[in-house]
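Below, chains carry the letters A, B, ... as their sequence lines are ordered, and counting in each starts from 1.
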Protein chains: 2
Amino acid sequence: MRISELSRRSGVSIPTIKYYLRDGLLPPGRATAANQAAYDEEHVRRLRLIRSLIGVRGLSVSATKDVLAAVDANQGDLHLLLGLVLGALPVERSGRPSRSGPEEGSERDAEPVAERDAGGAVDDVAALTAEMGWQTSPNPPAAQVISETLATMRALGVDYDWRSLVPYAELADRTAQLDLDQLQDAGDPLQQAERALLLTVLLEPALLALRRLAQEHHSALRFRND
Amino acid sequence: MRISELSRRSGVSIPTIKYYLRDGLLPPGRATAANQAAYDEEHVRRLRLIRSLIGVRGLSVSATKDVLAAVDANQGDLHLLLGLVLGALPVERSGRPSRSGPEEGSERDAEPVAERDAGGAVDDVAALTAEMGWQTSPNPPAAQVISETLATMRALGVDYDWRSLVPYAELADRTAQLDLDQLQDAGDPLQQAERALLLTVLLEPALLALRRLAQEHHSALRFRND
DNA sequence: GAGCATTGGACAGTGGCACTACCCGTTATC
DNA sequence: GATAACGGGTAGTGCCACTGTCCAATGCTC
């Protein structure tokens, strides 16, 4: 098929498809002439996957590109694939250009919210993973997010350390096992790789949404004053 | 204190503080003259909170504004506050301008990724909340995220319905109870409201990060071929 | 085989967002 | 009384995800 049919089938406009082609998100079609190319079902599938990652999960175009490249490159080794995918993902649209302000003010009063660390939050994460018996790669981005969060909590006056997170970590552990349980059955390696991607990445907003529904329910039980 | 000291104490640049003042994120200082205003500790605190929500959690400026307004307006009623906060939050930077493409193509082949619904995903969420015994407001944004995710999963060929989410929902239920357990002790209503905000909103990236660490660990156990 | 729509490719433009820079008249401070 | 800092306003910046326009080269239709 050609680009107009690809557009119709996928629901993505032609200029956007061209944009994805330029950016390397979508592999080019098979060129049939100097200005003609043929696309196939795989392209339709890929486009839908792209739209899901960008639209539903909210990934940026460049993160989507990295994630898809990881899927393409390592269909065989699921562990390696997961590592690459999780490494390529920004955790929640972090990776901002970062603040301005006094970079390292000589003023001893300045406690600039501790975006790096405050009170050994990095050690805290090490303690937490040790407590859980988790073995991970040396310095995963996810660990940095956790230490950042802990540091921020403390900077804002909430008494929080790694011990506060242990119950959450246990629930996360069971969540992860649920995720992996669902990867056993799947067709060819590409299907399995895509499924892994969906179960880990696409499920993230849904899991947060479940937590919100549950929070609302329990909040009504506990706090509502009828 | 005046703006320069506020900037030093909070680590936020003066132009950015002015920007937050203009946008109503930060309440104005007490005006002492036509071009002079005084800020206090509460402003420092507020600025740090703002930076945490925007920087760590990744909220947009306008969402941050809505959330903070909810905190200010309803310090007394925690349930109402949580409802407002959860309502004001985008779930994962959704709320995109939405796609283009053929809006309602006459082509019967077009299945435009189903950003609204595909195969009764909305009913699925109703079934899920009924199964869990959750009682929530009529049509929470979180429910839409879940149905969107289910619809997308199915559109991509993954066999997924609300039953697949029940185990996750049970874990989410326990997570929410953990969250609310930590709200019992807290000082004045403002402190408690802020704490609720941090435990629900700021914790989100950290919870996803915990899941990722656990995924990496269990993936190594199951799939690594040494 | 003539004519018109479509194609692929390049490049410039758009709108939104989160700041950031500059200017100006006024006010503190030394 | 000079100099610095202040507040307030407007305009500009950089990035991102598209979107629009142009072009010569097909393809398809009659």
Side-chain angles (χ1 to χ4, degrees), chain A residues 1-8 10-39 43 47 50-66 90 93-103 107, chain B residues 1-39 43 47 50-66 90 93-103:
Chain A
M1 79 188 79
R2 285 179 308 188
I3 201 171
S4 60
E5 191 179 346
L6 181 59
S7 170
R8 249 185 304 111
S10 64
V12 180
S13 74
I14 291 180
T16 300
I17 292 177
K18 288 183 175 184
Y19 167 63
Y20 290 160
L21 286 169
R22 266 202 310 285
D23 264 35
L25 273 180
L26 192 65
R30 186 174 41 85
T32 61
N35 61 343
Q36 222 73 30
Y39 305 93
H43 286 90
L47 259 181
I50 291 170
R51 290 309 307 167
S52 304
L53 293 177
I54 291 180
V56 177
R57 163 54 228 256
L59 281 189
S60 73
V61 167
S62 73
T64 304
K65 177 178 168 182
D66 294 346
R93 92 179 256 75
S94 79
R96 292 293 184 77
S98 89
R99 96 261 83 224
S100 55
E103 273 311 329
E107 202 69 28
Chain B
M1 80 189 77
R2 285 177 309 188
I3 203 172
S4 60
E5 191 180 346
L6 180 59
S7 170
R8 249 185 303 110
R9 296 276 307 279
S10 64
V12 180
S13 75
I14 290 179
T16 300
I17 292 177
K18 289 183 176 182
Y19 168 63
Y20 291 158
L21 286 169
R22 265 202 311 285
D23 264 34
L25 274 179
L26 192 65
R30 184 173 44 84
T32 60
N35 61 344
Q36 222 72 30
Y39 304 93
H43 287 90
L47 260 181
I50 291 170
R51 290 309 307 166
S52 304
L53 293 177
I54 292 180
V56 176
R57 163 54 229 256
L59 281 189
S60 73
V61 167
S62 73
T64 304
K65 178 179 168 182
D66 295 345
R93 94 177 256 73
S94 79
R96 291 292 185 78
S98 87
R99 94 261 86 213
S100 56
E103 273 312 328

J.: Looking only at side-chain atoms of A:Thr16, point me to the closest of C:dC19, D:dC6, D:dC18.
T.: D:dC18
J.: Does a nitrogen or oxygen in the side chain of B:Ser4 sit under 4.0 Å from OP1 or OP2 of D:dC6?
T.: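 Answer is yes, contact under 4.0 Å.
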J.: If I compare all heavy atoms of B:Leu47 with all of B:Ser10, which pair ends up nearest, and what's the gap?
T.: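 Scanning both residues, the minimum pair turns out to be CD1-OG, 3.3 Å.
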J.: Could you state the CG-P distance from A:Leu47 to D:dC18, rounded to the nearest angstrom?
T.: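 It works out to 12 Å between those atoms.
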J.: Rounded to the nearest angstrom, tell me the gap between atom CD1 in B:Ile14 and atom C1' in D:dG8.
T.: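 Answer to the nearest Å: 13 Å.
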J.: Hey, is the side chain of A:Ser62 poking within less than 4.0 Å of OP1 or OP2 on D:dC16, counting only N and O atoms?
T.: no
J.: Who are the side-chain hydrogen bond (donor to acceptor under 3.5 Å, both in side chains) partners of A:Tyr20, not counting sequence neighbours?
T.: A:Arg51
J.: CD1 of A:Ile50 versus C1' of D:dC18: gap in Å, rounded?
T.: 14 Å
J.: By a strict heavy-atom criterion of less than 4.0 Å, which residues belonging to residues 17-31 of chain B are in contact with DNA chain C?
T.: B:Tyr19, B:Tyr20, B:Arg22
J.: I'd like a table of atom pairs between the protein and nucleotides 27-30 of chain C - only N or O on both sides, under 3.5 Å - with the distance next to each one.
T.:
{"from": "C:dT27", "atom 1": "O4'", "to": "B:Asn35", "atom 2": "OD1", "distance (Å)": "3.2"}
{"from": "C:dT27", "atom 1": "O4'", "to": "B:Asn35", "atom 2": "ND2", "distance (Å)": "3.3"}

J.: Go through the structure and list residues passing side chain to side chain contact (heavy atoms under 4.5 Å, CB included) with B:Pro27, not counting sequence neighbours.
T.: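 Testing B:Pro27 for side chain to side chain contact (heavy atoms under 4.5 Å, CB included), a comparison that skips the adjacent residues, returns B:His43, B:Arg46.
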J.: Who are the side chain to side chain contact (heavy atoms under 4.5 Å, CB included) partners of A:Pro15, not counting sequence neighbours?
T.: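 Once residues adjacent in sequence are excluded, the partners of A:Pro15 under the side chain to side chain contact (heavy atoms under 4.5 Å, CB included) criterion are A:Ser13.
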J.: D:dC6 C1' sits how many Å from B:Arg8 CZ, rounded?
T.: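 Interatomic distance, CZ of B:Arg8 to C1' of D:dC6: 14 Å.
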J.: A:Ser60 side chain N/O closer than 4.0 Å to the phosphate oxygens (OP1, OP2) of D:dC16?
T.: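 False: A:Ser60 side-chain N/O out of range (4.0 Å or more) of D:dC16 OP1/OP2.
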J.: Using side chain to side chain contact (heavy atoms under 4.5 Å, CB included) as the criterion, list what pairs up with A:Ala37, not counting sequence neighbours.
T.: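 In terms of side chain to side chain contact (heavy atoms under 4.5 Å, CB included), with neighbours along the sequence ignored, A:Ala37 is linked to A:Tyr39.
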